[in-house]
Amino acid sequence: MAHHQPTLKQKIGQMLIVGFNGKSVHKNDPIAKAILHQEVGGVILFDYNFQTKTFDKNIESPEQLKKLTHELKYFAKKSVDKNHLPHLPLLISIDYEGGKVNRLRSEYGFPETLSAAAIGESNTLVAKQHADAMAETLQKSGINLNFAPVLDVNVNPNNPIIGKLDRSFSSDPHQVALY
């Protein structure tokens, strides 16, 4: 396939990452239409649905997730703009930090993960092995953008967003950067 310069609409679309409801995608679903006709360049997947207050948004099992990401990519490949240029590759994103911030939970059938705090208490070899395992899970699932690892420094252990959720490798910025 010949490479082309992305259009302005495609470049703008690549900056949009949208969430949607559903564990599968069909051509008449709003997200499929957004990908097919509006050049939306990315989606973000969640397990928790803030509207229904239940864990039923996009993720049920490894098999279901792989099928969902395949469907999303299918609609991106089918999309062409008014100049008949193909859609840029779809960004399929997730928050997969491990530990308490983990959309791919073991109760859904995904491998167990460690928190950043637990990894920070080990060594860099363990950290690399853990990162490789998580990357493999993402690749098998069809996800190509992970919002992790984060570079938060645990300056306040009582912080409800970082310290209390074990989302930092360390209170030392150099250790955080290393990990």
Heavy-atom side-chain contact between [X] and [Y] under 4.5 Å:
X      : Y      : result
Asp95  : Ile44  : yes
Asp166 : Lys100 : yes
Glu71  : Ser24  : yes
Leu45  : Leu68  : yes

Check the hydrophobic clustering (I, L, V, M, F, W, Y; side-chain heavy atoms under 4.5 Å; chains of links allowed) and say if [X] and [Y] are grouped together.
X      : Y      : result
Leu138 : Leu114 : no
Val18  : Ile35  : yes
Phe50  : Phe55  : yes
Ile12  : Leu36  : no
Leu165 : Tyr48  : no

If I take atom [atom1] from residue [X] and atom [atom2] from residue [Y], how far apart are they, to the nearest 0.5 angstrom?
X      : Y      : atom1 : atom2 : result
Phe46  : Ser93  : CZ    : OG    : 7.5 Å
Leu90  : Ile17  : CG    : CD1   : 9.5 Å
Glu112 : Asn102 : CD    : CG    : 8.5 Å

Shortest non-hydrogen contact from [X] toward [Y]:
X      : Y      : answer
Pro89  : Gln14  : O-NE2, 3.5 Å
Ile162 : Ser168 : CG2-CB, 3.8 Å
Met134 : Gly98  : CE-N, 3.7 Å
Asn58  : Gln64  : O-NE2, 2.8 Å
Arg167 : Ile161 : CD-O, 3.0 Å

Just do the side chain to side chain contact (heavy atoms under 4.5 Å, CB included) check on Asn144 and Thr69 with the steps written out, would you? CA-CA 10 Å; Asn144 56 21; Thr69 59; over 6 Å; no
For the pair Ile94 and Ile59, evaluate side chain to side chain contact (heavy atoms under 4.5 Å, CB included) and give the outcome as yes or no after the intermediate values. CA-CA 11 Å; Ile94 198 163; Ile59 300 164; 3.8 Å; yes
Less than 3.5 Å apart, which donor and acceptor atoms pair up between the side chains of residues 145-157 and the rest of the protein, not counting sequence neighbours?
| from | atom 1 | to | atom 2 | distance (Å) |
| --- | --- | --- | --- | --- |
| Asn146 | OD1 | Tyr96 | N | 2.9 |
| Asn146 | ND2 | Tyr96 | O | 3.1 |
| Asn156 | OD1 | Asn158 | N | 2.9 |

Give a yes or no answer on whether the side chain of Glu39 reaches the backbone of Gly13 with a donor-acceptor pair at less than 3.5 Å.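 Absent.
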Look at the side chain of Ser106 and the backbone N and O of Pro111, then say whether any donor-acceptor pair between them is shorter than 3.5 Å.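 Looks like no, no N/O pair under 3.5 Å.
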Lys23: side-chain hydrogen bond (donor to acceptor under 3.5 Å, both in side chains) partners, not counting sequence neighbours: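 If we apply the side-chain hydrogen bond (donor to acceptor under 3.5 Å, both in side chains) test to Lys23, skipping adjacent residues, the hits are Glu60.
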Any ion pair linking Lys67 and Glu63 (charged N to carboxylate O, less than 4.0 Å)?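 Salt bridge absent between Glu63 and Lys67.
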Begin with the C-alpha distance, continue with both residues' side-chain angles, and end with the deciding distance and a verdict on side-chain hydrogen bond (donor to acceptor under 3.5 Å, both in side chains) for Lys57 and Asn21. CA-CA 6 Å; Lys57 191 157 178 89; Asn21 291 325; 2.7 Å; yes
Test applied, side-chain contact (heavy atoms from CB on, under 4.5 Å); reference residue, Thr137; option that passes from Asp132, Leu104, Thr113: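 So, applying the side-chain contact (heavy atoms from CB on, under 4.5 Å) to Thr137 and each of Asp132, Leu104, Thr113, only Leu104 qualifies.
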Sort and list the pairs that fulfil ring pair (Phe, Tyr, Trp, His ring centres under 6.0 Å) and have at least one residue in [range], not counting sequence neighbours.
range            : answer
residues 6-40    : none
residues 153-172 : Phe169-Tyr179
residues 107-133 : none

Please report, to 0.1 Å, the donor-acceptor pairs under 3.5 Å made by any side chain of residues 120-127, with sequence neighbours excluded.
| from | atom 1 | to | atom 2 | distance (Å) |
| --- | --- | --- | --- | --- |
| Ser122 | OG | Ile119 | O | 2.5 |
| Asn123 | OD1 | Leu125 | N | 3.0 |
| Asn123 | OD1 | Val126 | N | 2.9 |

More than 12 heavy atoms of other groups within 6.0 Å of Gln139 CD: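 No.
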